[in-house]
Amino acid sequence: MNYSGCRKEIQDILKEVKDIVNVCSDGTGISLAAEEWEENGYLITKDASEVVIKYHRKSDFCRALLMLCKKEGEDSWLHREKSSFDEFGVMLDFSRNAVMNLEKTKLFIRTVALMGYNFVGLYMEDTIEIPEEPYWGYMRGAMTAGELKEIDEYAAIFDIEIRAYIQTLAHVNQITRYEEYQEIIDTNDILLAGEERTYQLIENLIKAVSENLSSRKINIGMDEAHMVGLGKYLDKHGYSDRFKIMEEHLNRVLAICRKYGLQVQMWSDMFFRLAYGGEYYVKEDTMAASLNIPPDVELVYWDYYSCDKERYDMMLKNHLKIADRVGFAGGAWKWTGFAPHNAYSLEIGKAAIEACKENGIKSVVITAWGDNGGEASSFSILPALYADAEFHYAGSFEPSKFKFLTGMSFDEFMQIESANLFSKDTTIHNNASKYLLYNDVFLGTFDTVIFEGISEFYQNAALQLEKLSTNKNYGYLFDTQSKLCTVLQHKADLGRRIKAFYDKGDRQQLSGIEEKEIPAILKALEEFYQAFEAQWEKENKPFGFEVQCIRIGGLQKRLEYVKRQLKAYVSGEKEKIEELEVERRAFHYYAEEDISKINYNLWREIVSPGDMG
């Protein structure tokens, strides 16, 4: 393709994406012309000698390139796609230990630009350097001013905005350990409203965002502050109307944002609950109170939990009754362990995006949270992000273009979640691969959900994932997953078998587990650890990986302890193993007992009923 006649800004895009879509030019070949136009989306026309791309935004142009790849070799044709939303973005979680490095952040930007996304949000609770707050994000991989500016400038090549997602009320748990912030913590992880030091901190944070990112749009958080006003605030001021506290606090934060010329988004749940009698996911029009939402605030309805279009439709309609400006946040599930939930994300994405279109929503973001350690790669959800972009532009799903993005077919990449695929029903999901990895083989918290044949299930998954680990672009993700499945092949049902053999007094079987099986698990676990470490180092800053070292290292030491205890029991040195004397009870952290539906993500509660501090 000869793009020498295109404007420099288009040539810059083509140079950046050539490693993905394999566009090259030596001054010969089909001529490319790129023209801006006022209509949204893009139009491609091609004849024997020329391709013309008309585009509204550069992100539309980028998406058009992917269509060009699909139609390579075809003669004359025309293709048109319209964007459904003015703003369509992805939010990366930089606050759950995994802060993506610059190289991979740029790759992520290039990749989602080719899907048609036009903004990328960075969720930074404390992971942003603030000169006036030296302990804010300290040893957490906080984004520096230089890094933010470099990302911002790079994204501008594709006409992609980099937006800050921050917190200005709750979810500031990582700073509560520092004495200097104790005076402005109301309770739990909630800032103390009404205190001047609180607003000094918030201004320092907003100033850092404003100075280092060119976007004038910001999400100020304010979600899930359920205990606001019930800690230090209560001690200082007595009981106050909590809506008044929220309202006064929001107005103070808005004044700071206006000072820096920022347009504000915030999560809707706190105000929505006030308007609808304490509930968030209401099914009917049950509005209990009218609210005075400032007109320059956009409320974002977030929902990652339903495949029911009617739920999204009702919730959007209810939101539009309390605010003129409403956005939507969906989810690409990667926040419950090492493996994503792309199949489920496709189901919820299709339902939500259709409802957003029908209700005239103009701003949509797909969140990629990283709860409890950020274990899953942000690149593991590329199928979900691709599908949501398809629903956004085309209204239907066409998978073939995905291979040009990744070098793998869509169906191949979807196997990345094999560690959790216990059901063909894509409207349910689980994170068994995490809680079975850390499930203690003597305590057996999750043993009652294990099914017959789970070892063979993981053996087959490991072999299939290993075949995909040779992909030059994303093979390392499948290598990690394959090695995780190999560990689970040997470990998933180990606790049940140990207990059964112990109850029968079968020391011979226990001896085999001690001498052969546990060493094999430890070897497989070390191989998984090495693959996971390599994946983390490839994608993220090193900060936060110490948590993974502690978790996996703790599992290794615990297995070594189990090995010694079994040896002592088999040899007669110990008369009994007390943990195995206890009668097993069903998994009861909550009522669900079907492994294909259980999501339990809290490491500290998976590993032990004991106090983890």
When you check the side-chain N and O atoms of [X] and [Y], is any donor under 3.5 Å from an acceptor?
| X | Y | value |
| --- | --- | --- |
| Glu347 | Thr426 | yes |
| Asn540 | Gln535 | no |
| Tyr233 | Glu195 | no |

Just wondering, do [Y] and [X] contact through their side chains at under 4.5 Å, heavy atoms?
| X | Y | answer |
| --- | --- | --- |
| Ile175 | Tyr135 | no |
| His171 | Glu224 | yes |
| Leu254 | Pro294 | yes |
| Phe379 | Lys104 | yes |
| Leu169 | Ile190 | yes |

**Message:** As a test of understanding, state which of Trp302, Tyr301, Tyr281 forms a side chain to side chain donor-acceptor pair (under 3.5 Å) with Asp269.
**Reply:** Trp302

Please verify the inter-ring angle class for [X] with [Y]; under 30° counts as parallel, over 60° as perpendicular, anything in between as tilted.
| X | Y | value |
| --- | --- | --- |
| His341 | His429 | tilted |
| Tyr438 | Trp603 | perpendicular |
| Trp267 | Trp369 | tilted |
| Tyr435 | Phe446 | parallel |

**Request:** Taking the six-membered ring for Trp and the single ring otherwise, decide whether the centroids of Tyr280 and Tyr276 are under 6.0 Å apart.
**Result:** no

**Prompt:** Looking at Phe543 versus Trp536, is the centre-to-centre ring distance below 6.0 Å?
**Reply:** no

**Asked** Only one of Asp126, Ile185, Ile166 forms a side chain to side chain contact (heavy atoms under 4.5 Å, CB included) with Val172, so which one is it?
**Response** Ile185

**Request:** Can you spot which of Ile606, Ile595, Asp447, Asn431 makes a side chain to side chain contact (heavy atoms under 4.5 Å, CB included) with Leu436?
**Result:** Ile595

**Item:** Evaluation steps, side chain to side chain donor-acceptor pair (under 3.5 Å), between Glu203 and Tyr260
**Value:** CA-CA 9 Å; Glu203 178 158 4; Tyr260 291 92; 2.9 Å; yes

**Message:** What verdict does the side-chain contact (heavy atoms from CB on, under 4.5 Å) test give for Ile348 and Tyr312, after you've listed the backbone C-alpha separation in whole Å, the side-chain angles of each residue and the deciding distance to 0.1 Å?
**Reply:** CA-CA 10 Å; Ile348 64 172; Tyr312 297 108; 3.6 Å; yes

**Complete:** On a heavy-atom basis, the closest approach of Phe88 and Ala389 is CE2-CA, 3.8 Å

**Complete:** In terms of heavy-atom contacts, Gly337 and Lys434 come closest through CA-CD, 3.7 Å

**Fill in**
Phe532 meets the ring-ring contact (aromatic ring centres under 6.0 Å, His included) criterion, sequence neighbours left out, with Phe338, Phe528, Phe545

**Request:** Report the C-alpha distance between Glu546 and Met139 in whole Å, list the side-chain angles of each, state the deciding distance to 0.1 Å, and finish with yes or no for side-chain contact (heavy atoms from CB on, under 4.5 Å).
**Result:** CA-CA 11 Å; Glu546 71 277 3; Met139 288 295 180; over 6 Å; no

Under-4.0 Å salt bridge between [X] and [Y]:
| X | Y | result |
| --- | --- | --- |
| Arg558 | Glu579 | yes |
| Glu125 | Arg140 | no |
| Glu298 | Lys362 | no |
| Lys350 | Glu354 | yes |
| Glu196 | Arg252 | yes |

Inspect the surroundings of [atom1] in [X] and state if more than 12 heavy atoms from other residues, nucleotides or ligands are less than 6.0 Å away.
| X | atom1 | answer |
| --- | --- | --- |
| Lys244 | NZ | no |
| Tyr154 | OH | yes |
| Lys207 | NZ | no |
| Tyr178 | OH | yes |
| Asn251 | CG | yes |
| Glu593 | CD | no |

**Item:** Side-chain donor/acceptor of Thr448 to backbone N/O of Phe587, under 3.5 Å
**Value:** yes

**Asked** Can you check side chain to side chain donor-acceptor pair (under 3.5 Å) on Asn118 and Asp159, steps first, answer last?
**Response** CA-CA 7 Å; Asn118 57 40; Asp159 201 19; over 6 Å; no

**Prompt:** Can you check side chain to side chain donor-acceptor pair (under 3.5 Å) on Asp308 and Ser306, steps first, answer last?
**Reply:** CA-CA 5 Å; Asp308 182 6; Ser306 179; 5.0 Å; no

**Asked** Looking at residues at least two apart in the chain, or sitting in another chain, which of them share a salt bridge (charged side-chain N to carboxylate O under 4.0 Å, His left out) with Arg197?
**Response** Glu133

**Fill in**
Across all chains, not counting sequence neighbours, the side-chain contact (heavy atoms from CB on, under 4.5 Å) partners of Ala339 are Asn420, Ser433, Gln481

